[in-house]
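Here is the structure we will look at.
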2 protein chains.
Amino acid sequence: MSARELEHALRDAGVRITRQRSAILRILAEADDHPDANELYSRASALEPTVSLSTVYRTLSILEDKGVVHRLTFEGAPARFETADTPHHDHMIDLETGDVIEFRSDKIEKLQAEIAAELGYDIVYHKLELYGRRKARNQAGRLGA
Amino acid sequence: MSARELEHALRDAGVRITRQRSAILRILAEADDHPDANELYSRASALEPTVSLSTVYRTLSILEDKGVVHRLTFEGAPARFETADTPHHDHMIDLETGDVIEFRSDKIEKLQAEIAAELGYDIVYHKLELYGRRKARNQAGRLGA
DNA sequence: TTAACTGCAAATCCTTTGCACGCTG
DNA sequence: CAGCGTGCAAAGGATTTGCAGTTAA
């Protein structure tokens, strides 16, 4: 999602585009990892030294409200953020490095809906996170050397 | 899981059973909901007025380490706890009431493992939470009255 | 102009910790 | 009786908020 599109989403909602917000939007648009508020704050500070962490949080909350940004709350870590342009996906978290990998499974999505239906519920949103470690490469006998 | 079993798990690990811990274990054993630390604290206080919230937290951490208790960290709410005796399951959270319903799907479990394998990972643990609302009962035309 | 926005510092919430004393094994 | 365990109060980290000044529209 481009910074322009994010701005548009805000403007349409009657939200003012300030220098600080503009910087945050640009940073958010070009991030292809999943930065937390503090990380976004340092990156945005480089573009616009007057941003404060409060403004980063406030802006993220608005963007989340407008549905253009998703807040990812992983186990015992500050929330991370991503723009909501990519189709729905879930996350695998590398326990060693903290890396986040996106994936998607239509089969799982469908099963979830079925389960919820059986329990008498409509799903509003869900969270599927796989926490794991890189597989040892040469496990199947073909050991190196 | 009975209080006795929980005690056993601790004793085996060389952990002392104090009056406070004993009370916490009994509460934990008989809880069939998913209480948070504070709730456990109030319930345990009734049995043993000398327990403190610190001790509740400390005891829960030990039990989690020993693998006999699971810490459930749902969206923007204090952690909830459950004894680890039931086989693995996931949770559906009622957004209106906060109720937690357990469910299990072998199909989903299997799909998760497959996905992780494809990504080159071994799953250490995962988290699947469905957040939803009770289905309106008479949606399919058969409206009441 | 003026209502929305800002940075700052202080406040919140949940959880953990340091300390001096108490109690289990 | 040696440590582990305790309560208390204070510290901690992430996030939110009150306030008085600033700025976009």
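None of these values were measured; they are calculated from a predicted model. As a basis for the values below, the full set of heavy atoms in this structure was taken, side chains included, without hydrogen atoms, waters or symmetry mates. In what follows, chains are A, B, ... by sequence order, proteins preceding strands, each numbered from 1.
- Salt bridge present: A/Lys127 and A/Glu129 bring a charged side-chain N and a carboxylate O closer than 4.0 Å.
- With rounding to whole Å, A/Asp65 atom CG is found 16 Å from C/dA4 atom P.
- Under the 3.5 Å distance criterion, the side-chain polar atoms of A/Ser45 are matched with a main-chain donor or acceptor of A/Tyr41.
- For the pair A/Arg19 CZ and D/dA24 C1', the interatomic distance rounds to 10 Å; values are reported in whole Å.
- For A/His88 and A/His126, the ring centers are positioned less than 6.0 Å apart.
- With rounding to whole Å, B/Gln20 atom CD is found 17 Å from D/dC4 atom P.
- When rounded to the nearest whole Å, the span between CD1 of B/Ile17 and P of D/dG5 equals 9 Å.
- To the nearest angstrom, C1' of D/dA24 lies 14 Å from CD of A/Glu48.
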Fill in the blank from the handout: Nucleotide by nucleotide, nucleotides 12-21 of chain C touches protein heavy atoms under 4.0 Å in the pattern (B base, S sugar-phosphate only, - none) --SSBBB---
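- Aromatic ring orientation, A/Tyr131 versus B/Tyr125: parallel (interplanar angle below 30°, classes split at 30° and 60°).
- The side chain of B/Arg16 contributes no N or O atom lying less than 4.0 Å from OP1 or OP2 of C/dC23.
- Salt-bridge annotation for B/Asp99 and B/Arg80: absent, with no side-chain N of the basic residue lying under 4.0 Å from a carboxylate O of the acidic one.
- Protein atom CG of A/Leu72 is 16 Å distant from nucleotide atom C1' of D/dT15, rounded to whole Å.
- In this structure, A/Leu10 atom CG and C/dC5 atom P are separated by 9 Å, rounded to whole Å.
- Taking the charged nitrogens against the carboxylate oxygens, B/Glu96 and B/Arg134 have no contact shorter than 4.0 Å, which rules out a salt bridge.
- Residue order along DNA chain D, read from the 5' end via each residue's closest nucleotide, puts B/Arg21 first among B/Arg21 and B/Tyr41.
- In terms of phosphate contacts, B/Thr18 brings no side-chain nitrogen or oxygen within less than 4.0 Å of OP1 or OP2 of C/dC23.
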